[in-house]
Every structure is written in C-alpha cells, then in structure tokens.
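Here the structure is laid out as structure tokens; the discussion comes afterwards.
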Amino acid sequence: DTMFRVGDIFSRSLSYQNPPRIWGIGINKDVEREKSEGFSNPIRVTLLKKSTIEIYSNNHLIRTRTNVAPGTYILDDVSYCNGANDIKIKIIDETGREEVFDESFFFEHSYVPQGKFTFDGSYGYPEINDSIKGRYDKKNPLLSLTVRYGLLPSVEIGLGLLKTKAGRTYSYEVRNKNILGHFDFKFATSNYKENSENLSGKVFFAQYNSPSITLFDKTSLSFSASIEKSDNFFRPYLATKEE
C-alpha cells in the first residue's frame with residue numbers, strides 16, 4: 001500500500017492546498033476502503049469473454065482483476081485520490097484483445113477505516129510553463145504533506161501542509177457520515193510574503209449532503225448545501241494572485 005514515485009508527480013492533498021504538478025519525488029500510503037462514493041458517471045464495463053481488468057489513475061496501475069467472468073460490472077470497489085479525473089480502464093480478454101476506456105470520472109472516496117491512516121507527501125519543483133524560466137520553477141521548491149486518519153467508523157480527520165519559500169498553508173478537514181447525511185468541514189490558513197510584506201488569510205468551508213430518497217424506479221431525490229467564506233489575502237496555492 002506504499003508507493004514511491006520519482007519524476008512528474010501530482011501530490012494528492014487536502015482541498016485548498018493542492019499543489020500543481022511538480023517534478024520531484026513523492027510517497028503515498030493508502031488503505032483499502034469499503035467502496036468509492038459519489039461517481040458522477042459510474043465506471044461500467046461489459047465483458048463478452050473471460051478477461052483481465054486493469055485500472056490506472058494518472059497513468060499508475062492501481063488495481064488488477066484477473067479471470068473475470070463475462071458479464072456487466074460497475075467498478076465501485078476501488079479507491080482513488082479524492083477528485084481524481086484521469087482514470088483509465090484496460091480490458092484484456094482471453095484472446096489477447098485489448099480495449100481501453102479513458103474517460104474522465106470525478107468522485108469522492110469513502111472514509112478511511114477506523115484506526116487507520118493514509119499519507120501523501122511530495123517534494124520538488126512546481127510546474128509553471130514560463131517562456132523564460134522554463135517548465136518548472138527551480139528557484140521555489142515545494143513541499144506538500146497530508147495525513148488522513150479514521151477517528152471513528154464514519155468520521156475522518158485530515159491535516160495538510162504546503163510550503164514554499166513564499167510561505168505556507170495549513171489545512172484541516174473533518175468528514176462525517178450518519179443517518180442524517182454527509183457533513184464536511186474544512187478550514188485552512190495561509191501565510192506568505194508579497195513585496196516584502198507579510199500577508200495571512202484563512203478560509204472556512206462547510207457542506208451537507210442529505211441521504212438519497214427513492215421516489216420510484218430509477219428516480220431519487222436528495223438535497224445538498226454548502227457555504228464558503230475566505231479572506232482577501234488567502235492564497236490556496238501560495239502563488240502570485242491572478243487578477
């Protein structure tokens with residue numbers, strides 16, 4: 001469950017401090033979850049022959065299922081990083097024929113099991129694609145760390161850090177699911193320098209998703225609401241503010 005990557009990496013971190021793609025080194029420790037939640041479009045595959053299914057996230061092989069019998073399957077038993085949108089499915093049937101699905105799927109992973117944790121860390125140069133400075137900002141290396149812990153069966157807490165020479169961002173997250181619905185709370189602070197002046201800001205986010213109520217066949221009803229409040233000086237990526 002632990003993966004090291006060297007080269008082009010994208011650090012998977014808490015909201016409000018996700019760094020850009022960087023060139024460097026990354027380490028990831030994940031755990032098995034019950035299932036993935038919230039697919040905007042469930043990954044559904046139909047097999048005509050006995051096949052092997054390979055699942056890639058950001059071009060990294062994360063799951064393999066061999067000798068899968070013919071039939072239609074919804075792949076909801078795999079866990080990816082929150083908000084992943086580069087999922088590729090490769091089907092290899094018993095004759096050797098390959099078929100690849102590389103659509104974008106957006107989802108939110110299920111909770112970390114109680115007593116277990118996940119870890120993401122990376123260090124390297126952020127991608128800027130500047131015509132003068134080049135593809136990466138080698139003068140401002142970036143460090144990103146994130147830890148998520150299963151406090152209770154349906155309560156997950158997370159801590160994140162993003163640091164560059166310009167400053168740093170700390171982020172905190174609590175996720176809870178019960179019979180009343182899903183509750184998400186996130187808070188982050190940033191401290192950085194701009195023109196020799198120290199600036200700091202903070203942001204608060206809360207979201208609620210109600211349980212889904214089935215009205216009749218293939219029709220259901222749910223409710224969601226969210227609120228976000230941030231200071232003018234909050235910088236999620238510790239980058240130059242864009243007008």
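The model shown is predicted, which means the values in this text are computed figures rather than measured ones.
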Between Tyr208 and Phe183, is the ring centroid distance below 6.0 Å? yes
Working to the nearest 0.5 angstrom, can you tell me the gap between [X] [atom1] and [Y] [atom2]?
X	Y	atom1	atom2	answer
Gln207	Phe185	CD	CZ	10.5 Å
Thr66	Lys50	OG1	NZ	9.5 Å
Tyr125	Asn140	OH	CG	10.5 Å
Tyr73	Thr46	OH	OG1	10.0 Å
Phe233	Ser190	CZ	OG	10.5 Å
Arg175	Ile157	CZ	CD1	13.0 Å

Any non-hydrogen side-chain atom of [X] less than 4.5 Å from a side-chain atom of [Y]?
X	Y	value
Thr64	Thr52	yes
Leu145	Asp120	no
Glu54	Arg65	no
Leu162	Leu142	yes
Lys49	Thr95	yes
Ser122	Ile22	yes
Lys177	Tyr111	yes
Ile128	Tyr136	no

[Y] reachable from [X] in the ILVMFWY side-chain graph, under 4.5 Å edges:
X	Y	answer
Ile179	Ile213	no
Tyr123	Ile27	yes
Val174	Ile227	no
Ile92	Ile55	no
Val147	Val155	yes

For [X] and [Y], indicate whether the former's side chain and the latter's backbone hold a donor-acceptor pair under 3.5 Å.
X	Y	value
Asp93	Gly96	yes
Thr214	Phe216	no
Asn195	Glu197	no
Lys165	Lys139	yes

Should the pair [X]-[Y] be classified as a salt bridge under the 4.0 Å nitrogen-to-oxygen rule?
X	Y	value
Glu99	Lys90	no
Glu228	Lys186	no
Glu173	Arg148	yes

For side chain to side chain contact (heavy atoms under 4.5 Å, CB included), just list the numbers for Phe187 and Val203, CA-CA rounded to whole Å, side-chain angles, deciding distance to a tenth of an Å, and then say yes or no. CA-CA 6 Å; Phe187 178 75; Val203 62; over 6 Å; no
Would you name the heavy atoms of [X] and [Y] that are closest together and state the gap between them?
X	Y	answer
Lys116	Val112	O-CG1, 3.2 Å
Val31	Pro113	CG2-CD, 3.7 Å
Tyr172	Leu159	CD2-CD2, 3.4 Å
Ser224	Asn209	CB-OD1, 3.1 Å

Pair Ile89, Ile53 - check side chain to side chain contact (heavy atoms under 4.5 Å, CB included), show working. CA-CA 7 Å; Ile89 313 298; Ile53 302 176; 4.1 Å; yes
Run the side chain to side chain contact (heavy atoms under 4.5 Å, CB included) test on Leu47 and Val68 for me, step by step, so that the C-alpha distance in whole Å, both residues' side-chain angles and the decisive distance to 0.1 Å come before the verdict. CA-CA 8 Å; Leu47 307 180; Val68 182; 3.5 Å; yes
Before you tell me yes or no, could you show the steps for Asp30 and Asn28 under side-chain hydrogen bond (donor to acceptor under 3.5 Å, both in side chains), namely the whole-Å CA-CA distance, both residues' side-chain angles and the distance that decides it to 0.1 Å? CA-CA 6 Å; Asp30 208 345; Asn28 161 248; 5.1 Å; no
Is it the case that Lys29 places NZ or CZ above or below the six-membered ring of Phe117, under 6.0 angstrom from the centre and within 45 degrees of the axis?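 Yes - Lys29 lies over the ring of Phe117, closer than 6.0 Å to its centre and within 45° of its axis.
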Answer yes or no: does atom CG of Leu48 have more than 12 heavy-atom neighbours from other residues, nucleotides or ligands under 6.0 Å?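 No - once you tally the heavy atoms of other residues, nucleotides and ligands closer than 6.0 Å, there are 12 at most.
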If you count heavy atoms of other groups shown closer than 6.0 angstrom to CG of Leu221, is the number above 12?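 Yes, because the 6.0 Å sphere around CG of Leu221 holds more than 12 heavy atoms from other groups.
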